[in-house]
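The structure appears below as structure tokens.
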Amino acid sequence: MKRSLNDYRTIVGDDTIGELYKKARRIYGKTVVHVNSTYYGGGVAEILSGLVPLMNEIGLAAGWRMLRGTPDFFDITKKFHNALQGNALNLSEIKKKLYTQANEDFSTYSHITHDCVIIHDPQPLPLIQFYPRKQPWVWRVHIDLSNPNKELWGFLKDFILKYDVIVISSEAYRLKHTPVEQRIIHPAIDPLSAKNMPLPDKVIAKYLKKFDIPTDKPIITQISRFDKFKDQEGLIDIFRMVREKVDCRLVLCGSSALDDPEAQQYYERTKRKANNFVKDRDVIMITSENNILVNALQRKSDVIVQKSSREGFGLTVTEAMLKEKPVIASRVGGIKIQIKDGENGFLLEPDDKEGFAARIVEVLQKPSLAQSLGRNAGVVAKEKFLITRLLADYLDLLVDLIG
Ligand code: UDP
């Protein structure tokens with residue numbers, strides 16, 4: 001459903017919308033292309049599907065293209081993704097070749113004549129190598145690169161140094177020893193998308209029924225791709241402890257992204273670990289991609305957990321906060337920008353499973369605590385993490401580069 005900027009006036013106020021139109025005046029008609037590697041699943045696709053139409057509406061000509069890759073390519077970029085977050089990697093020549101080849105192939109069928117190019121994440125990073133330099137190129141990296149695998153970093157630097165600007169999600173991710181201008185733009189969510197728009201109780205009930213999620217017990221939910229960094233396995237251990245104190249259900253909702261070949265394996269492992277709980281439907285695992293289901297689940301849940309051991313930003317946290325839910329999450333990455341421990345949610349060290357369990361039990365047993373955390377969370381999400389603020393940040397960047 002097409003949304004117009006005016007639709008956001010009641011949420012963010014006239015001044016914010018007026019300010020956006022004003023910023024855009026200096027770049028009317030300029031052409032911008034975003035390139036990433038998946039249309040759905042995961043945060044980047046989520047952001048682009050909201051942002052690109054608004055960029056067009058405000059007077060830019062913005063496009064969105066997807067890098068095509070073979071399963072081998074995505075296998076390698078997933079390994080790179082993990083290594084950039086600290087994992088070991090065997091960086092063979094063949095891996096380097098397959099990685100750059102998919103990018104070179106893209107350049108043989110996709111013309112780039114835009115005024116500015118915005119490349120998202122590491123998969124399409126080498127594209128810059130295969131086009132004549134005619135315009136500013138921005139690398140928008142959504143993950144935490146503060147501690148990358150050194151060998152891989154050395155290889156990627158060949159490409160990175162060619163960029164005009166790198167956009168990171170948090171001050172903590174500033175790249176050391178990288179002489180390229182770096183800007184911070186916090187990600188954001190769209191309050192009017194199917195995933196976040198207000199839902200009538202009737203619709204919530206309908207979706208939970210459709211996906212066979214009973215509502216007779218309190219619901220704890222984590223919405224995340226099945227991925228070891230999201231640590232659904234750790235959450236099963238936590239759930240086991242919680243269940244000793246409170247009868248409740250755990251819902252793990254995690255469609256797999258196109259560019260993630262490891263997801264299926266991890267899903268199976270988590271399911272085996274939750275064994276009897278899954279049989280009794282006390283742990284419910286869902287793999288459908290459905291925005292209204294995510295919306296309904298977040299709204300119906302009593303507690304939202306984000307047990308990640310790494311998290312670039314954590315849009316799922318923002319989504320739950322906007323819905324005024326108490327979020328209990330790991331003190332990692334971008335989650336720290338969003339949650340203030342004890343004020344608008346709870347933060348715990350990622351390996352502190354007992355701590356997670358204790359906080360979950362506390363929030364389940366004290367509805368007034370859940371309510372006040374949720375209310376404060378809603379205020380922060382609306383003030384800082386809505387798509388209108390993200391659009392403003394991108395307009396500022398584009399005005400500086402091509403205005
Ligand atoms: N998501 C979804 N369905 C799922 C799992 C995730 O729609 O089954 C969405 C989630 O709501 C969020 C995005 O994917 O909008 C995940 O973004 P986040 O920043 O939390 O993590 P990433 O996947 O980018 O690491």
Side-chain angles (χ1 to χ4, degrees), residues 36-51 74 77-78 80-82 84-85 120-123 140-145 168-170 173 185-197 199 207 211 213 221-232 235 250-260 262-264 266-267 270 284-299 301 304-323 325 327 329-330 332-339 345 381 385-387 390:
N36 82 321
S37 61
T38 170
Y39 279 133
Y40 71 90
V44 179
E46 181 69 24
I47 289 174
L48 289 178
S49 59
L51 182 70
F74 287 121
T77 55
K78 179 71 199 203
F80 282 12
H81 180 93
N82 292 345
L84 285 171
Q85 305 199 78
H120 293 262
D121 277 346
Q123 297 90 340
R140 202 309 174 214
V141 52
H142 296 261
I143 53 177
D144 174 0
L145 290 181
I168 50 179
S169 290
S170 151
Y173 301 168
I185 298 186
H186 296 321
I189 58 172
D190 184 344
L192 297 178
S193 68
K195 188 173 285 174
N196 296 310
M197 66 189 183
L199 284 185
Y207 270 78
F211 285 88
I213 304 167
T221 295
Q222 175 164 311
I223 314 266
S224 294
R225 294 177 287 109
F226 282 93
D227 182 307
K228 71 172 187 223
F229 288 119
K230 306 289 184 186
D231 198 19
Q232 283 94 343
L235 183 49
L250 173 65
V251 180
L252 298 175
C253 178
S255 66
S256 58
L258 259 187
D259 56 358
D260 187 358
E262 283 173 5
Q264 186 63 27
Y266 186 80
Y267 169 86
T270 309
I284 297 176
M285 296 174 70
I286 297 172
T287 53
S288 321
E289 176 86 21
N290 188 313
N291 287 332
I292 299 190
L293 170 68
V294 169
N295 190 341
L297 245 176
Q298 285 167 334
R299 288 182 192 280
S301 297
I304 301 285
V305 178
Q306 195 63 48
K307 171 65 185 66
S308 313
S309 58
R310 299 277 157 76
E311 197 59 75
F313 185 73
L315 287 176
T316 49
V317 170
T318 333
E319 288 157 9
M321 289 172 74
L322 181 70
K323 297 173 183 102
K325 290 292 161 179
V327 182
S330 300
V332 295
I335 296 176
K336 292 184 288 184
I337 302 171
Q338 305 185 65
I339 296 184
F385 303 119
L386 295 189
I387 194 159
L390 181 67

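Atoms within a ligand are numbered from 1 in the order they appear, just like the ligands themselves.
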Compare all side-chain heavy atoms of Lys323 with those of Asn196 and state whether any distance is below 4.5 angstrom.
-> yes
Can you confirm, on distance only, whether ligand 1 has an N/O atom lying under 3.5 Å from any N/O atom belonging to [X]?
X: Lys230; value: yes
X: Ser288; value: no
X: Phe313; value: no

Taking heavy atoms and a distance under 4.0 Å, where does Thr316 meet ligand 1: side chain, backbone, both or neither?
-> both
Ligand 1-proximal atoms of His142, by part, heavy-atom distance under 4.0 Å | neither
Looking only at heavy atoms, the pair that brings Ala188 and Leu390 closest together is CB-CB, 3.7 Å
Could you grab the distance from atom [atom1] of [X] to atom [atom2] of [Y], nearest 0.5 Å is fine?
X: Ile337; Y: Ser169; atom1: CD1; atom2: OG; answer: 7.0 Å
X: Leu315; Y: Met321; atom1: CG; atom2: CE; answer: 12.0 Å
X: Phe211; Y: Ile292; atom1: CZ; atom2: CD1; answer: 10.0 Å
X: Leu293; Y: Ile213; atom1: CG; atom2: CD1; answer: 5.5 Å

Numbering the atoms of ligand 1 from 1, which are under 4.0 Å from a heavy atom of [X]?
X: Glu311; answer: 21 (O), 25 (O)
X: Glu319; answer: 10 (C), 11 (O), 12 (C), 15 (O)
X: Ile223; answer: 4 (C), 5 (C), 6 (C)
X: Gly314; answer: 19 (O), 20 (O)

Filtering Lys195, His81, Gln306, Glu46 for the heavy atom nearest atom 1 (N) of ligand 1 leaves Lys195
Is the closest side-chain donor-acceptor distance between Gln232 and Ser224 under 3.5 Å?
-> no
Side chains of Thr316 and Gln306, donor plus acceptor under 3.5 Å | yes
Should Gly312 be listed as contacting ligand 1, given a heavy-atom distance under 4.0 Å as the test?
-> no
